[in-house]
Amino acid sequence: MGFIAFLILGLIAGAIAKAILPGRQGGGWIATLVLGVIGALLGGWIGGALFGADINEFFSIETWLVAIIGSLVVLVIYGFVTRKSGNRA
């Protein structure tokens, strides 16, 4: 898969992850792109290590599933890191 295809996959996977998780996530389309690309990398790495998944084909359902699941994981971690506590002294 080429670099541009990987960026498109990351952008779409990040947008789907933001749509799946409720709440107010900040960031625009650039943050979504970064989240999706990091999530696709994480999902591909975990999927390859645990299940032998291969993310070389753009139109493979396996590629999309690991990218979206990876983006969800990254989005949850991003939410914990950026969450503001209302009880600061």
Side-chain angles (χ1 to χ4, degrees):
M1 181 170 23
F3 182 72
I4 299 297
F6 194 73
L7 288 179
I8 292 169
L9 172 71
L11 177 62
I12 296 170
I16 291 171
K18 278 191 173 186
I20 291 172
L21 283 179
R24 297 181 56 197
Q25 295 91 14
W29 68 273
I30 294 177
T32 301
L33 176 67
V34 171
L35 165 82
V37 170
I38 292 171
L41 285 171
L42 178 69
W45 180 72
I46 291 173
L50 295 178
F51 309 113
D54 188 23
I55 62 165
N56 291 330
E57 293 294 323
F58 184 79
F59 293 107
S60 170
I61 190 72
E62 184 178 65
T63 300
W64 285 93
L65 288 177
V66 296
I68 292 168
I69 291 170
S71 295
L72 286 168
V73 170
V74 171
L75 184 59
V76 167
I77 293 169
Y78 178 75
F80 282 131
V81 169
T82 61
R83 181 175 46 177
K84 295 182 182 179
S85 176
N87 296 331
R88 291 189 180 183

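- Using a 4.5 Å heavy-atom threshold, the side chains of L11 and L7 count as separate.
- For I68 against A17, the heavy-atom pair with the smallest separation is O-CB, 4.4 Å.
- Residues F6 and A40 come closest through the heavy atom pair CZ-CB, 3.9 Å.
- Y78 and I69 fall into different hydrophobic clusters, where Ile, Leu, Val, Met, Phe, Trp and Tyr are joined by side-chain heavy atoms under 4.5 Å apart, directly or via other members.
- We find the CG-CD1 distance between L75 and I38 to be 11.5 Å, quoted to the nearest 0.5 Å.
- Within the 4.5 Å cutoff, the side chain of L21 has heavy atoms near those of the L72 side chain.
- The hydrophobic clustering, which links ILVMFWY residues whose side-chain heavy atoms are closer than 4.5 Å, places V81 and L42 together.
- Note on L65: it does not cluster hydrophobically with W45, by side-chain heavy-atom contacts below 4.5 Å among ILVMFWY residues.
- F3 and I12 fall within the same hydrophobic cluster, where Ile, Leu, Val, Met, Phe, Trp and Tyr residues are linked whenever their side-chain heavy atoms come under 4.5 Å apart, directly or through other members.
- The hydrophobic clustering, which links ILVMFWY residues whose side-chain heavy atoms are closer than 4.5 Å, places V34 and I4 together.
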